[in-house]
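Numbered from 1 within each chain, the chains take letters A, B, ... in sequence-line order. Below, all heavy atoms of this structure are taken into account, side chains as well, without hydrogens, waters or symmetry copies. Quantities reported herein were computed from a predicted structural model and do not represent experimental measurements.
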Amino acid sequence: MPFDPELLKKREELLARNLELYPYSWERSHTLLEVRENEKKLMDKDVRVAGRLLAYRGKGKMIFIDLGDLDGRMQVMLRKNEFDEGIWELIRHGLDLGDWLGISGTVFVTRMGELSVHAKSLEMLAKTVVRVPIPKSKDDQDWNKLADPETLCRERYLHWTTDPAARQKMVQRARIISEIRSFLDGRGFLEVTTPTIEMNYGGAEARPFETAIHALSGHSAFLRISPELPLKRFIVGGFPRVYTICQNFRNEGIDRSHNPEFTMLEWYEAFTDYNFQMDQVEQLVSCVAEKVCGSMKIVYGDKEIDFTPPWKRTTILGSLEEAGIDAGGMDEAALREEYKKRDIEPPRPFSWVHAVAGLFEARIEHTIEQPTFVCDHPVAIYPLTKKKRGDDRLVERFEPIVMGMEIGNAYSELTDPVEQQERFVAQQSLGADKDGGENHPMDTDFLKAMGCGMPPTGGVGVGIDRLVMLLTDSHSIREVIAFPLMRTREAENGGDDGADPAEDTEEQAS
RNA sequence: GCGCCCUUAGCUCAGUUGGCAGAGCAGCUGACUCUUAAUCAGCGGGUCCGGGGUUCGAAUCCCUGAGGGCGCACCA
């Protein structure tokens, strides 16, 4: 049982005294922050405030409590001679840290100089039956602060309840998404919705989550790995500027910058190429940073990141050359030597394109700190991109990289339907060569759509979670995703059946 | 998937060489009408992550399972 027996008992006793513990509503006049911000105007005036009980300092016939709400905290003073006996009894023995309370009273300042509410009445808005680990704090120090990273993620309501900074992170995330919308809406983009469940998946190189549709006799279906192909159908259909903000699902690794389910922004703009979109990305991100963080220069860990345009622009081959690796002038054999010389594990299958991409990831990517566009990637890996003008080995693609993290991906989108078909075929044979044997399905309907005529288009994807990480100084994707994926806890019922399931799976596997 | 580490009261953590399970905060009882990590006096609180083993004796050592953290691999 998740409930605390002592608190359950207390709840029963209070209910038996005809006290309302879970009322239907409560009229609040100000948030705690509003009271603080309007101190002068509200001085000696009546207010009705509500919040969670965060601290209780009893001094016999006079009690001070602290209430907290979304973004504020306020002291409340209660005096015995100003309450009925029954309510005073509730105040003395019925309150626990975590309870939601409604206070009506007068704004004043204590002799110690603290802005407070002198309570005239107190009402219980929600009696807790779980011990909420409210920390004590003074200045910048905290005591007994919930610290177990597992609990913080699994029981996020406790994290939010006990840590204002964790709540603030969610507020910042919402603001960032809101500012992105208003930026794109302001430039004439249409926000559209694309399917989460698809009969065919595509738009990225990733293993999908597979499911089954009962209504279609168990026909297999997939969770979207990218909204790219549906969005391009919008372009074909005559919408020149579209975007979506959606969850993508990739059945792959989980670590500090990867969650199986993550939020993606993608937009497509007809009649533009990747050069145009580079300008647009730096404008979007710098604008959002300024609106949400108050400046284009932000702090991340012990570094300062400057999002002020223009950002540095480089290429895969150019950045390798800067690092003393002339990959552009090397053939496959020379690249193989380079891997040996630098003791880097070579990609498999080994080819010029994979070798170049691999060298960049191993040697360059993590060293990039300030916002940088890395352009012109090897062709074979990116089947949805136009070839680089003047170099058939490359495609017109860029990735904005900040603090070693890819925060996006953009193309001059491939619009020649016949070349698209050829690239899909080439990608399939490439997939068959890999040890995973991962094979992407051919989306012939998408080819038909492109065959109907797709205007020149620049497309951009931005990983919202990673952008939020940067703008909120978060160093794990779990800090900015409200409910990150966690393994379920098993064998909570006890018993000695712990070993059996493992044996079963081993048998099935062999 | 591989390696290393962690799991003790509601929370944060001690726990020596294998020898009665500990502290602070929270909680309970009492005192206190301007406190603010309130203070003071007293009290209660445990599946030491689960299961098995070694031992006269296990939080501690061994095996095994679960969950978590970090690193590696995977992930354009």
Side-chain angles (χ1 to χ4, degrees), chain A residues 2-7 9-10 54-66 73 75-82 92-93 96-98 108-114 116 118 128 130-139 141-154 158 162 203-207 225-226 250-260 262 316 345 347 353-354 357-358 360-361 365 377-378 380-385 395 397 399 406 409 411 427 434-436 438 461 476 478 486-503:
Chain A
F3 303 145
D4 181 285
E6 283 182 16
L7 291 174
K9 198 175 146 213
K10 195 179 276 191
L54 299 183
Y56 184 102
R57 295 179 292 278
K59 257 194 64 74
K61 298 188 177 62
M62 171 177 250
I63 291 165
F64 294 90
I65 60 177
D66 288 353
R73 183 175 176 128
Q75 176 172 266
V76 173
M77 181 180 79
L78 307 147
R79 306 173 87 156
K80 182 172 195 276
N81 60 338
E82 294 167 351
R92 280 303 310 277
H93 299 289
D96 289 274
L97 297 184
F108 80 114
V109 175
T110 65
R111 276 177 217 163
M112 299 296 287
E114 174 144 351
S116 307
H118 181 166
T128 173
V130 171
R131 290 265 171 238
V132 182
I134 305 286
K136 289 188 169 192
S137 60
K138 185 189 186 181
D139 303 326
Q141 283 179 291
D142 289 298
W143 287 264
N144 308 311
K145 189 172 181 173
L146 188 61
D148 176 20
E150 182 177 353
T151 309
L152 293 180
C153 289
R154 244 182 232 289
L158 279 183
T162 59
E205 186 78 33
R207 194 194 304 182
I225 59 172
S226 152
R250 299 186 182 175
N251 206 342
E252 283 163 0
I254 303 175
D255 62 33
R256 221 183 278 157
S257 58
H258 295 85
N259 192 61
F262 61 101
I316 295 274
E345 194 171 331
V353 289
H354 287 102
F360 174 78
E361 277 159 32
E365 189 170 43
H377 298 242
I381 319 173
Y382 309 103
L384 296 159
T385 317
V395 290
R397 173 193 197 227
E399 282 187 316
E406 304 159 21
N409 179 22
Y411 305 147
Q427 186 198 24
K434 280 172 82 171
D435 12 304
E438 181 59 33
S476 163
R478 288 185 161 185
M486 300 290 279
R487 212 185 281 255
T488 50
R489 287 181 171 127
E490 289 188 54
E492 301 233 283
N493 301 331
D496 59 349
D497 51 6
D500 292 339
E503 280 172 25

### Task
Kindly point out which of B:rU33, B:rA76, B:rG68 is positioned nearest to the side chain of A:Arg397?
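Per side-chain heavy atoms of A:Arg397, the pick is B:rA76.
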### Query
Which nucleotide in the set B:rA38, B:rG27, B:rU35 lies at the smallest distance from any side-chain heavy atom of A:Ala55?
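Nearest listed nucleotide: B:rA38.
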[N] OP1/OP2 closer than 4.0 Å to side-chain N/O of [X]:
X        : N      : value
A:Lys136 : B:rA38 : yes
A:His93  : B:rU29 : yes
A:Arg154 : B:rG68 : yes
A:Arg57  : B:rA38 : yes
A:Arg92  : B:rU29 : no
A:Arg487 : B:rG68 : yes

For a quick check of understanding: with a heavy-atom distance under 4.0 Å over all strands, which category does [X] fall into, base, sugar-phosphate or nothing?
X        : answer
A:Arg73  : nothing
A:Asp255 : base
A:Lys9   : nothing
A:Glu361 : sugar-phosphate
A:Phe262 : nothing
A:Asp66  : nothing
A:Arg131 : sugar-phosphate
A:Ala147 : sugar-phosphate

### Query
Stacking here means centres under 5.5 Å and planes under 30°; does A:Trp143 stack on B:rA37?
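Taking the rule of under 5.5 Å and under 30°, the ring of A:Trp143 does stack on B:rA37.
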### Task
If B:rC56 has a Watson-Crick or G-U wobble mate with both distances under 3.5 Å, name it; if not, just say none.
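The answer is B:rG19, by the H-bond criterion.
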Please state whether the base of [N] and the side chain of [X] form at least one donor-acceptor pair under 3.5 Å?
X        : N      : result
A:Gln75  : B:rU35 : yes
A:Tyr411 : B:rA76 : yes
A:Asn144 : B:rG24 : yes

### Query
Would you say the side-chain atoms of A:Arg397 and A:Asn409 include a donor-acceptor pair closer than 3.5 Å?
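Their side chains do contain a donor-acceptor pair, which is all the 3.5 Å distance test asks for.
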### Query
Just how far, in rounded Å, is P of B:rA73 from CD of A:Glu252?
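These atoms are roughly 16 Å apart.
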### Query
Atom NZ of A:Lys61 to atom P of B:rA31: distance rounded to whole Å?
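In whole Å, B:rA31 P and A:Lys61 NZ are 8 Å from each other.
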